[in-house]
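So you know, we letter chains A, B, ... as the sequences are listed, proteins then strands, and number each from 1. Computed from a predicted model, the values in this text were never measured in an experiment.
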Amino acid sequence: MNKNGKPKQAVLFIMRVSILQLFLLFSCVTYTFAGVVTGQEILDKKISLNLASKDIRTVLKTISASTDIHFTYSSDVLQSRSKVTVVANQERLGDVLEKIFQPLQISFEVIGRQVVLKKEHISGAVLSLAEAPVNTITGTVTTPEGQLLAAVSVTVAGTTRGTTTDEKGKFRIEANPGETLVFSSIGYTIVRVRIGGSDVIDVSLAKAENAMSEVVVTALGIKREARSLGYSNQQISGADITKAAPADISQGLMGKAAGLNVTEPNGVEGSSSRIVIRGNTSLLGNNQPLIVVDGVMIDNDPILPQGANITTQNLLGQNTDLSSNQNIDYGSFLNTLNPDDIETFNILKGPTAAALYGARGANGVLLITTKKGSKQRGLGLNYNFAVRWNDPYRFMKLQDEYGMGMADALYSADPGFYKTSSGQDRETSSNDFYGARSVIPGVTSAPQGPNWWNYIGFPGDGASWGEKMKGQQILWWDGTERPYTGNPNIFKSFYKMGRTLSHNVSFSGGGDAGTVRVSYTRTDNDAITYNSNFHQNVFNIGSSINVSQKVKVEATASYINLVRLNAPNLYGEAANSSGVGYITDYHLPMDYKPLERALAINPDGSQNSTVINSNPVQDNPAMGYYWWNTLANNTTFTQNQLLGSIKLTADILPWLNVTGHTGVDHYTNQFETKNRPVDAAGLNASGGGAILYSNDLSTVNITNLDAMITAHKKELFKDIDASFSAGASYYHNKLYDIAASNPGPFNEPFTYNITNFAGTNQALLNPTEYRQESEISSTYGILNLSYKNYLFLEASGRNDWSSTLPQSKWSFFYPSANLSFVFTEAFDMGAVKNWLNYGKLRLAEAESANGYIPYQTQFTYSPVTTAGYTTGLSVPTTLPSLNIQPQRARSFETGVDLGFFNSRVNVNFTYYNIYSDHQILPVNIASSSGAERLTINTGALRNSGIEFIINANVLRNKNFTWDITVNGAHNSNKVVALSPGVDQIPVGSWFGSDGVSANVHVGDQYGSIYGYDYMYKGGQKVVNLLYADGFNTGNGPVLGAQYATTSSLVKIGNATPTITGGIGNTFGYKAFSLYVLTDFHIGGQIWSGDYATIMGQGEAPETTHERDGHGLPFTFPDGTSANVGVILAGVTPDGKPNTAVVNSWWKYAGNYQSWDNVPIVRTNSIFTNSWGKMREVALTYRLPGAITKATGIFQSLSVSLIGRDLFYLFTNLPDRLNPEGLTGTTNTQSTQFGELPGTRSFGLTVKAGF
Amino acid sequence: MTIKRNHVLVLASLLSIGAASCTKDFKSINTPWSGSPTASVPQLYVAFVSNMAQGDQQVTYNSWTYPITQQGVVYTKADFAFGNDGSELWGNFYHNLPNYESMMSVIAAEPDTAIYTNVKAMMKVLRGYMAIKLSNFFGDMPYSAAGKSLYYTASNDTVLTPVYDKQQAIYVSVLNDLQWAVDHFTTDATQFSLGSNDLVLENNIPQWIEFANSLRLRIALTMYDKDPTDATPQITDALSKPLLDADNTNVGLYPGTNIPNMDLQARQYSFGTECRLRMGTTMWNLMSSTNAQDGSGIFDPRCNIFFEPNNDTLWNPFPQNPSASTPAEEGSPYDVGVRKTDWANKDGNPPTPNLYANFNYYWSVDVNIPELFMTAAEVHFLKAEINARGIAGVAQNMTTAETEYNAGITASVNFWTAQAIGSAIWVVNKPSGPPSQTTINNMLNNPIVKFNAATALQQIYAQEWIDLFRQPWDAWTLMRRTGDQTPMDANNAAFYTQTYGGYNRYQYPNSEQTYNKNNWLAETGGTDLTSAKIWIAK
């Protein structure tokens, strides 16, 4: 404060600002006035100058002084002390700058109040065209991939004539022959074309990745020069994502960003996705990045009924059984966001870049900016059409020689068939497993019983250890006699060709008042499974409005309506409602014939009980119910989402900008189930807890409010520019769900509602509720300093207040700092600059902190839910976290950005190290302490790794271009500590101790796989032999052999991959371009439950080797013999080599099963899951500008043939197992079970501009 | 510039204040939307009792405990691992300790704590009952330091890892609690009444005294052979005070009356899922004087209540110790779906032959039969044993022993017959009324049952063992503390020894080895064997 000056004015000023502040923060008005002045406004300013033969830097200073704008440039941009003469009388600033810079081959862009100067890089040879008469030159500017480039500056060198391209990339300019057209756009290399014999000039601009003048979007939507960033920020354009018509944004991101691991699990189109940046930072919590769409914070958790949230559940130690927690996949947020509406993606990796998002940005941020429209030529109308056929083609490889049976293979070389009471050969029934051949032949007195299931557990009904299929005529379960034959693809009848159609219509336009873009997208999908589809409508509007010279509004809104019928049950294992993957992989014997689909529903509409009761696959009656469930039971998931954002920017004072933003994400998820009554009268459910009708509605409201004030000063000290921002934000998230169901019987037939209930227990109709609410308030400050425009320091501090923490801990602070040093400008590089034109060192250190899930900081008694005791209140078994503090992450990052050969080759390399500790965990404690879990701060993870991105313009000439992009990442995700005395925590399991468990274990990479391993003696596997008394006693003949296992579950694998990445190639030839993307995943192990299943059940081709006569001579109990014997390699428990020949059944059935209550070796189904995939291919033909012009209708037209997920370049998995068929999108990414077939897509896209 | 910078600072400060003030709703936002910050004495009491109900542990009884005690038999060994209900039992008890502690805190905060003496006594009885039941599965276990995790602070983290107490110490501690209860129960009208919230005895204080005292007698007698010094005064005192046999009170959870909506799904589940239970020869030999499969030799009325004949209505018990020549058993006698509409069909659908006599189908579906803690009949048998043995300061008196023995049998038969009569869904072969005195007398005079001074102890144990039909865990305790003097089939006894003889206790839940490792190691030495005998076992 000026002590002697004008206190009154100062007080008035503070009052003015304070009132504004109060207005912003306390009146709950969602709009706040703030922001930076637009570039267009600055360029439209009128100035007067009269400077003759002045040094150009002097000229710029003079302009700065009179306009309060500032020029940013590197030393090589204004190397020469050239003199210029400028005379202007109330001329537009933009025109004056053009006059000054164009002869110097310098271009400029306005960012805030900064005018960034850059030297024009002339890419390739100057194209020479034949002489032509004076004319109006027209043409189209595109990228080498054919993407139309709008807003490209087209000027005639040495003149004031200039224009910009419209949204179709078109331009029109008057020019003389011999003059040179200069095409320039931020982020692209400049192309100069001398005008020759044609009046149509189509030009392709290559990207200038990492060029010193590239502008990127950073945290809070602040645009900054890439050169000034001390951390990694990868930008991907929306067009890059949609090249090969992905089903959703997650698919489009696959393989395109270093360190961004995108997985879509086992399932059909519309399934959820999992995105992890730089590895897992939370032991049990959400590890996916925050998604910010135009400032609105959203997460990508999978959608579950009844408002359930998998992160919350896992943090409370619930729902870690993978076989049930996500067996119906309803998708996640990124499924519904429309890729066509996206301008750019910015991937802020790790806490460093995301420090300003606070608690919610600790896993990194995926920043999405939608399109806002631009001034257009023509109608400004665009139409994009895409059709994709989804072909389930990659089915598991199975044998087709032997039919259903289990222990049959132990009885005889030709066990024959079971017979009907009249003596006719009949199909094996699953009940036969427990019937005549249920005993292991020869075992007489085993105390636990001689039945085979006491040795190998219970397989599924797909067990195919039965009779050889040679076309024998036998009686089938439906009473028809059929030849007993194999089927090379028994799964096929469960799948069909799927199809997705998408239409997108958008209008874009603009004028002095601003720009607007309106878009509508309709997508229709028919799934690869039966009676499953979805329809989606997305309305999007994006606009930028100049309210006044000082105030601008950017507003975007999306309304998304998704209606999805029957997201398929994938791997659920309930007896009467099992998933398609579970049934096909576990319950179909190799003699299966697809009869049920046609029979499941009787002509009168009732359920065909014969299919349920007589189907051979009925031990678990899953198969009997499958088609009824699929065809007669319908669940419709409807999502209605409104995503809105309004941002106001205001230029309060010449040195002070204010930005205000409000964002709303409001959505409802509704699940309505209508299950057809099983009787023709339409009244009854099938019993056993089945329901006829249910309705479940979730409402979610997420609100963001942000305000930021920025003060900036050029030359605060000598050669040092500075700016300081202070801001506040508010985030509120509220969910409410109510659900009720009607188990029937109905009063009124076929009338689906809750109250149509003829039962007696009305309490069954009572609804259930679920709620979740949290709030975060924040303030932050950002200081930016730059020295001579080559050394940049940014420091930030943020304080969050999180409602999810106890009062004494709910306020927490964390700082960050980063440094960027453009050394190629700081030093005289001499001749080095001929090949290294750009070099930057980055260095960053940041902290971030996280709150927790709601409702955990106050003690409450839990209502007893057991019937008869519902008046009780009990001390909870998970004790509340009364004293927790925020969990924290500290990250260090360093790297270089290098541009070689005039930025034709750009390299970005990053090393990072993130230490995440004070994790808030509900640690398991001994039940004898009175509780099962106690929530405390404990445990630490360290992620360290490298990332690299290489972009190269390999070839560029008049007709042919070739660009390569390679990215890769290696991440070490080490578990440093858990709670005291605890060395492992389960994060997910498959079949619990009867299968495998995914644990985090101190000292290991995140995601170790635990199961029974082989037991070794002297380095040899120990083999237990089975004698007649049922034990390994040596009493009597050897009847069987099995590998001995460890006494408890031990670590048998780890899921963390060694390296992931992608390689993209784009070839351009005249109007054609070919884009090919492959991605790869090297290392990281999985446990394949499907492999264990098909090996143990005799379905894998490997299991027929001995049965086909390639084994050792073996005599069966009935005296028949065949070459089906094997010797299990290893030693007997006494250390002697095992020499016992046993039936090969033991090798497979005895050592592999996916579910097994008898300890069985799991190691043999562990695989290193390395693969490379042909992910995207797009061949595009873009109609030349002259032709589109001639049509008089089109401004542009391009057609692409696309292919997605075409094939694997390599994979380690046997039997065509699906490398990406992992279960679910939770933190457990190491289990594969009940996979659906691999699906490839072919399609066509048409993009037309009018 | 000074002015401008100060402006910025002021603005920043205002932003900070603004954001910080937004915490005003945090507490209400983060208040759990379900549950309650407080709990009353009755609410905590009901919660405590809810943890005494039996869940899936009944599957293990049906799979393991019955064949171990020989009260029943399974035709093939269970798929469920032995002791896999240990975690549930363990959790039920230890989760109840915080409920106990919380209730004591609530009482302590009341202005007049004296009126809660009866509630405190009830809680001591129930906690003692649960502690001894659990200890009889495991042996030594955390007790004095257990259940204190509510008091966790970073500097008090030992509450998370409670030390183990010897079974003897637990027995003595519980006996002291029971003695306190017996001495302090009062019928004073000023005492706080749980009323209908007392789901166990409906606030009937005289019956509470009998239950506490009877439990004391059972527990003291169970440990008598190991620690007569501590047991004797408790037995002496217990015998001098009211016991359950005074008015033939049987204590437990009564779904039909005390707990109207009691959930019995777990019981139904235990019979519905791979239940291989059949009547074994051991029990048959004590209920029928011949092997006539038409049931003509049956003299014990409980036989028709506990069991039912096979699909061909033949009383064909499964050999307690089968051999390779034993015909294989199948059938689905507990399939509710089938028998609900076709009661006589024990073969199931599709049919497979049910060759052997089964546990009565009604056990799986009845919703009135109680889950018992202790019966009056057992008290008679305890007294009979004391008199027959002449221990704990009681002189041997075979006459009294016989009287109590006969009274125990009579009480048991009457009780179980009453249960069958009271069953709302029991239709087929339902007893028409209580057994006549003639029936009782015929039974008491049957050579197998008739009191014989020379074999009195085995007879007493046998009848107690029969009465404990629905408390197989208590039968197992009786078997172990008497050194296997409960009934056992001598035929092919090696089968029993090899199959079930090695099971003497449960292994501690994995959570102990993982999360209470040092104390677990101190207790087990790293070897936690099911074959190890617990302290009370002979």
Side chain to side chain contact (heavy atoms under 4.5 Å, CB included) between Asn51(B) and Tyr869(A), intermediate numbers included: CA-CA 10 Å; Asn51(B) 278 327; Tyr869(A) 306 93; over 6 Å; no

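Taking Lys734(A), His732(A), Glu769(A) one by one and counting their heavy-atom pairs under 4.5 Å with chain B, the maximum is reached by Glu769(A). Listed options Gly35(B), Pro37(B), Pro32(B) were ranked by heavy-atom pairs under 4.5 angstrom with chain A; first place goes to Pro32(B). When the candidates Ile936(A), Val864(A), Leu934(A) are compared by the number of heavy-atom contacts under 4.5 Å with chain B, Leu934(A) comes out ahead. Among Pro876(A), Ser725(A), Gly872(A), the residue with the largest count of heavy-atom pairs under 4.5 Å with chain B is Gly872(A). The candidate with the highest count of non-hydrogen atom pairs below 4.5 Å against chain B, out of Tyr855(A), Trp453(A), Trp810(A), is Tyr855(A). Per-residue counts of heavy-atom pairs under 4.5 Å with chain A were compared for Leu97(B), Leu160(B), Asn516(B), Val74(B); the largest is that of Leu160(B). Among Gln265(B), Lys27(B), Glu330(B), the residue with the largest count of heavy-atom pairs under 4.5 Å with chain A is Lys27(B). Contact tally against chain A (heavy-atom pairs below 4.5 Å) for Pro322(B), Ser102(B), Ser149(B), Ser34(B): the top residue is Ser149(B). Chain B forms more heavy-atom pairs under 4.5 Å with one residue of Ala931(A), Gly930(A), Ser1048(A), Pro806(A) than with any other, namely Gly930(A).
Checked against the 6.0 Å centroid threshold, Trp801(A) and Phe26(B) do not count as a close aromatic pair.
In this structure, chain A has a heavy atom under 4.5 Å from the backbone of Thr38(B), while its side chain stays farther away. Interface residue Tyr152(B): only side-chain heavy atoms are found under 4.5 Å from chain A. For chain A, no part of Leu264(B) is nearby; none of its heavy atoms comes within less than 4.5 Å. At a 4.5 Å heavy-atom cutoff, the contact between Pro98(B) and chain A is made by backbone and side-chain atoms alike.
The distance from the CD1 atom of Ile925(A) to the OG atom of Ser511(B) is 10.0 Å, given to the nearest 0.5 Å. The line from CD of Glu512(B) to OG of Ser928(A) is 3.5 Å long, rounded to the nearest 0.5 Å. A distance of 7.0 Å separates CG of Asn261(B) from OG1 of Thr870(A), quoted to the nearest 0.5 Å. Atom-to-atom distance recorded for Ile776(A):CD1 and Thr23(B):OG1 is 13.5 Å, nearest 0.5 angstrom. Leu44(B) contributes atom CG, which lies 7.5 Å from atom OG of Ser874(A) (distance to the nearest 0.5 angstrom). Here the straight-line distance linking atom CD of Glu773(A) with atom CH2 of Trp33(B) works out to 13.0 Å at 0.5 Å rounding.
Between the Asn99(B) side chain and the Val875(A) main chain, a donor and an acceptor come within less than 3.5 Å of each other.
For Asn924(A), the side-chain contact (heavy atoms from CB on, under 4.5 Å) test picks out Arg933(A), Pro986(A), Tyr515(B), with sequence neighbours left out.
Considering only heavy atoms from C-beta on, Thr31(B) comes within 4.5 Å of Gln858(A) through its side chain.
Remark: Asn510(B) CG is loosely packed, at most 12 non-hydrogen atoms of other residues, nucleotides or ligands lying under 6.0 Å away. In Asn883(A), the CG atom is not crowded: 12 or fewer heavy atoms of neighbouring residues, nucleotides or ligands sit closer than 6.0 Å.
For the pair Ser927(A) and Tyr94(B), the tightest heavy-atom approach, listed with the atom from each and the gap, is O-CB, 3.1 Å.
Under 3.5 Å, the side chains of Asn30(B) and Thr857(A) contain a donor-acceptor pair of N or O atoms. No donor-acceptor contact under 3.5 angstrom links the side chains of Thr871(A) and Gln43(B), judged on distance only.
Residue pairs satisfying the salt bridge (Lys or Arg N to Asp or Glu O under 4.0 Å) criterion with at least one member in residues 147-158 of chain B, sequence neighbours excluded, are listed as follows: Glu101(B)-Lys148(B).
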